[in-house]
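Written below as structure tokens is the structure these notes are about.
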Amino acid sequence: MIRLPYDFNSIEEKWLRKWAENKIFEPKPSGKKFLLTVPWPYCNGALHIGHGRTYTIGDIVARYKRMKGLNVLYPMGFHISGTPILAFSKKIENGDQATISLYRSYLELYGDDPSKVSEFSVPSNIAAYFSERIINDFMNMGFSIDWTRKFTSGEPIYNKFVEWQFRTLQKMKLIKRGDYPLLYSAEEGNPVGEDDILEGDTDKVSIVQYTGVFFYVGKDILLASTLRPETLDGVTNIFLNPEAHYCRVNIKGQSFIVSKRSYEKLKYQRDAEFVEDVDVSDYFHKKAKEPLYSREIPILPAKFVDPDIGTGIDYSVPAHSIWDHVALLDIGEKVDYIRVIELEGKGVDIEEIRKKFGITGLDDREKLSEATKYVYEQEYYHGKIIKGKFSGYNVKDAKDKIIGDMIEMGIAFPVYETSRKAETREGNPVIVAVIKNQWFIDYSIEEWKEKVRDLVETMELRPDNLKNQFLQTVDWIRERPCARRRGLGTELPMEKGWVIESLSDSTIYTVVYTIIPFLRRMKFEEIDDDLFDYIFFGNADLSGKSDVTKREAEGARREFLYWYPVDLRHTSYPHISNHLTFYLFNHVAIFPRNEWPVGISTGGMVISEGQKMSKSKGNVYPLLTIKRKYGADLFRMYLASNADVWYDVDWRTSEVENYLKKLERFYSLLEEARSVEGEPDERDLWLVSRMIDRILKSSASYDAMKIRDATIDLFFNALNDIRELENFAGKVRTLRAVRKFAKEWALSLSPVMPFVSEEIYSMYGGKGFASLQPYPVMENPYKKHEEEWNFVESLVEDFRSITKVSNMKPRRLTISTAEEWKWKLLEESKTRDIRSLMKAADPEQREYLAKLVKRRDFPYHVRDEDAVIKKYADDLSRYLNVEIILSKEPEHAKKSVPGRPAIILE
RNA sequence: GCGGGGGUUGCCGAGCCAGGUUAAAGGUACCAGACUUAAGAUCUGGUUCCGUAGGGAUUCGGGGGUUCAAAUCCCCUCCCCCGCACCA
């Protein structure tokens, strides 16, 4: 009869049912609490193994803390704010085949009718469908989540909460408005994010600020754009592209000349009014006045000037720009080079650079770019200005001042450009637009930052370097736009037509977990700012509200005070510089000090088959499939043991398969051990000793979130020890020893593998749920046996290494332990000066003493080695397949030392 | 560039903070053997080099230093990954 030893499917189903029936993960407020949160999932698709990691780590911690006697709340909600869901539903509505087939595959995965995909043209249906599936996925993974507290970022109660939050921030003057440059699509009429840009995730697009400098030609201003305004003193001429189209535009009453393409973009940055096209050739015989000293400089043609970058007009500084230099050579024009920047007393010789990079003409675009970068880096980081108002400054320090100065003088304004040419996924160009009256949360306020720094200093952060990363982020964080024109979420309470941006609406939402059941029982229309003020600050008057609302408000306040603050927030490291930092800022601003976050930990990502997950590589595995194929315990165990929490995990199917075998062995071993008769042999108690130590040690590992260490030791190393005993002492003796710690062993692994642990725990007659048992603590009365075994083990190792080199199959093993005088000298060497011992010693003793000096910490724990050898003689004899002889012959003992008897093979 | 993290024995990956017990955990792969009709699974031994006695030599990106002793501490250098925002 073939019996499946380990049917994880039925085991998991059984315990899922029992946990749910007994509602064991729905804590009531009593005792010492532990609130653990992990960011809510964004529900626009099926979860894959990458998503599973953070929640798994969170759950392992939750389960461990629970076993340590804390009242653990591990809640979860769903994030639906922002644009992706909206974008997907729109694509489905528009019949986009790729999206439709993707969503059909999701439906199929979950066993639903793929033709239902058309329902996803309504965004809320996507959110509703996937949030339901995710609950199911999470339950299947064994996450000990309290689902009674779930909510979404799109539901009306939550909207009220976020409105309250924003009005509170506004009262504190932390919200302001201003103009702000954003990546934008003119054709689509929207700002665009990374996901909207073609290859935006792999080749990032950022906003670059050029300086548009005014050069006067009669009444017109040639608007030349530059990344190096510090070189303006060295301008020798203007370059226009003779083949490009230029036009005259009116900006605030001034007449500017820019390229036609530049105008198309510029009008999204400032009020620019098209006047007329101009003929570029009209300018080549004219002179322009540069704005600093009104020097007259020539306007020259150059084809390298790209009308689609900046303003399409370049002011030429040939002493510092390789492009300008080569362009002048190209058209054979001679001008007097003016050096503005020096490097350690001398300048960069631009002609030398040209030769060094082997540039022959304007067609060597790659070399030109390379040389430009080289010159720029040299001059920016090491250069000193030697001309003009800022003479004497380092370029690095002066650059921003120079820009500010020019803008103040009215001879320049910023012109924004994308860092590379980019288009949206729909094929439209990406430009930079200045959005007027954008709403911001002003994270730049210094007093606010200071409070956050103070908090960071006192928090429990893992890994340790998180502290530096946060402090760094706090330093550079500035105003953050907090509202967009489109997307799902909460409407900005201050102004219609804006939706609160999806990271800004999720900064203090963790507090809602503590009160949501109460909010749901209130009269919805009575939920207002006063109510939240009452719950969180206890300082609002609720006398006008109904009894039910008042009563629930009291309950909400009680639970808020009980559960908050969040003891640990765990998420992946990409959140450090955004979400987690906002999380800290907003808590600090809104809540009193004792409700501020206590701890944060960050974890790594998941890569798959050695590579980043991507659909094209075919290495994206849905969580559900993994669960069906391998079971949740295996998934969790793999994630826990493959990498430390803060490093990336590599999911490799071939390894996963091997882990499954190990898990099966673990299970069948414990199952067999249950029914074996008899007490453990005294000789085998070392295994019990090691196991007890492992379990004790694992507690410290879990505490430090060294989950991997705990798992490897408790699982792999333990299994290896058991196998060793099995080889040495046979199956029955091994099972007897295993039975001694089976229940505790299962419990110690319960945070990582909760299902199989429950099963084993109950199999061994455990009462209640393994998930709710205290983490095992055991006395170790068997330390002596372990030390004896270590001695035997090293004996076996020596035997092996000798048989290996000597290449023989010995029939007899003669063992001779160290002579008494060696032990005595060893003892004496601990208290007496080695030198005096040496003097008194004979040659043989000297030799031995020299060895002692070399190895100060002689590893011996067993004093009566003969007795131990006698005790294990039968085992050894069988195991090594030799006759064991314990010798007292002085000849044999020669090589022996305490802890390491001499052995002779024959 | 700034900030963070890395480069370890075939591969993945511990160790490094608290230097010696480390040829260096664990996993995986590979080789040989046991079992088996066979394969798989399982188990045993091995996988830097030398060695017919438990030993020795060389090794932890590269170079230098501190020390009786360095993968571990210090300095220099090369290379890789991540974040630098409006994106969830």
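Order of the sequence lines fixes the chain letters, A, B, ..., with proteins taken first and strands second; residue numbering starts at 1 for each chain. Everything numeric in this text was worked out from a predicted model, so none of it was measured.
Within the 4.0 angstrom heavy-atom criterion, no nucleotide atom of any strand lies near Pro810(A). Heavy atoms of Asn720(A) sit under 4.0 angstrom from primed sugar atoms or phosphate atoms, though from no base atom.
To the nearest whole angstrom, the two C1' atoms, one in G7(B) and one in G61(B), are 6 Å apart. Nucleotides G15(B) and C60(B) are separated by 10 Å at their C1' atoms, to the nearest Å. Nucleotides G56(B) and U22(B) have their P atoms positioned 14 Å apart, rounded to a whole Å. Taking atom C1' in both A71(B) and A23(B), one finds a spacing of 12 Å when rounded to whole Å. Taking the C1' atom of each, A53(B) and C43(B) are spaced 28 Å apart, rounded to whole Å. Across the P atoms, G46(B) and G27(B) are found 14 Å apart, a figure rounded to whole Å. Comparing the P positions of C11(B) and A25(B) gives a spacing of 15 Å, expressed to the nearest Å. Taking the C1' atoms as reference points, U72(B) lies 15 Å from U59(B), given to the whole Å.
The distance between the ring centers of Trp448(A) and Phe585(A) falls below 6.0 angstrom. Taking the ring centroids of Phe635(A) and Trp651(A), they lie under the 6.0 Å cut-off.
The pairing partner recorded for G1(B) is C84(B), the criterion being a Watson-Crick or G-U wobble arrangement whose two distances lie under 3.5 angstrom. Across all strands shown, A14(B) has no partner, as no Watson-Crick or G-U wobble contact with both distances under 3.5 Å is found. Nucleotide U58(B) forms no Watson-Crick or G-U wobble pair with any nucleotide shown, as no partner meets the under 3.5 Å limit on both distances. U42(B) is paired with A34(B) under the criterion used here, namely a Watson-Crick or G-U wobble arrangement in which both key atom distances are under 3.5 Å.
What separates CG of Leu714(A) from C1' of A25(B) is a distance of 15 Å, to the nearest Å. Distance, Ile500(A) CD1 to A88(B) C1': 16 Å, rounded to whole Å. If you take NZ of Lys697(A) and P of A25(B), they are 15 Å apart, rounded to a whole angstrom. In this structure, the CH2 atom of Trp651(A) is 14 Å from the P atom of U28(B), given to the nearest Å. In this structure, CZ of Phe470(A) is placed 18 Å from P of A85(B), rounded to the nearest angstrom. Atom-to-atom, CG of Asn465(A) to C1' of C82(B) comes out at 12 Å; the value is rounded to the nearest Å. Regarding Leu183(A), its CG atom lies at a distance of 15 Å from the C1' atom of C84(B), rounded to whole Å. One can place CD of Glu501(A) at 8 Å from P of C87(B), the figure rounded to the nearest angstrom.
With distances taken from any side-chain atom of Trp476(A) to the nucleotides C84(B), A88(B), G26(B), the minimum falls on C84(B).
Not counting sequence neighbours, the partners of Arg177(A) by the salt bridge (charged side-chain N to carboxylate O under 4.0 Å, His left out) test are Glu495(A). Residues passing the side chain to side chain contact (heavy atoms under 4.5 Å, CB included) test with Pro481(A) are Tyr180(A), Gln438(A), Phe440(A), sequence neighbours excluded. Every ring-ring contact (aromatic ring centres under 6.0 Å, His included) that Trp40(A) has, sequence neighbours left out, goes to His79(A), Phe151(A), Tyr158(A), Tyr509(A). For Phe78(A), the ring-ring contact (aromatic ring centres under 6.0 Å, His included) criterion is met by no residue, not counting sequence neighbours. The salt bridge (charged side-chain N to carboxylate O under 4.0 Å, His left out) check on Arg690(A) picks up Asp721(A), Glu786(A), Glu793(A), with sequence neighbours excluded. Contacts of Phe716(A) classified as side chain to side chain contact (heavy atoms under 4.5 Å, CB included), with partners at least two apart in sequence or in another chain: Met637(A), Ser641(A), Tyr659(A), Lys662(A), Ile712(A). Listed by chain and residue number, Glu457(A) satisfy the salt bridge (charged side-chain N to carboxylate O under 4.0 Å, His left out) test with Lys467(A) (two or more places apart in sequence, or in another chain). Residues satisfying the side chain to side chain contact (heavy atoms under 4.5 Å, CB included) criterion with Arg453(A), sequence neighbours excluded, are Glu446(A), Lys449(A), Glu450(A), Leu471(A), Val474(A), Asp475(A). In this structure, the ring-ring contact (aromatic ring centres under 6.0 Å, His included) partners of Phe666(A), at least two apart in sequence or on a different chain, are Phe715(A), Trp745(A).
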Nucleotide-resolved protein contact map, nucleotides 44-53 of chain B, B/S/- at heavy-atom distance under 4.0 Å: SS-S---BSB
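If you check residues 569-581 of chain A against RNA chain B, the residues with a heavy atom closer than 4.0 Å are Tyr573(A), Ser577(A), Asn578(A), listed by number.
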For nucleotides 7-16 of chain B, tabulate all protein N/O to nucleotide N/O atom pairs closer than 3.5 Å, reporting atom names and distance.
| residue | atom | partner | partner atom | Å |
| --- | --- | --- | --- | --- |
| G13(B) | O2' | Arg708(A) | NH1 | 3.1 |
| G13(B) | O2' | Arg708(A) | NH2 | 2.9 |

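Residues Thr581(A) and Phe470(A) are in side-chain contact: their nearest non-hydrogen atoms beyond the backbone lie under 4.5 Å apart. Side-chain contact between Leu639(A) and Ile49(A) is absent, with no heavy-atom pair separated by less than 4.5 Å.
Take the nearest nucleotide of RNA chain B for Gln472(A) and for Tyr42(A): the residue whose nucleotide is more 5' is Gln472(A). Checking Gln469(A) against Ala902(A), the closest nucleotide of RNA chain B that is more toward the 5' end is the one next to Gln469(A).
At the phosphate of A41(B), neither OP1 nor OP2 sits under 4.0 Å from any side-chain N or O atom of Asn658(A). Between Lys661(A) and U28(B) there is no side-chain polar atom (N or O) within less than 4.0 angstrom of OP1 or OP2.
Between the side chains of Tyr573(A) and Gln469(A), no donor N or O sits under 3.5 Å from an acceptor N or O.
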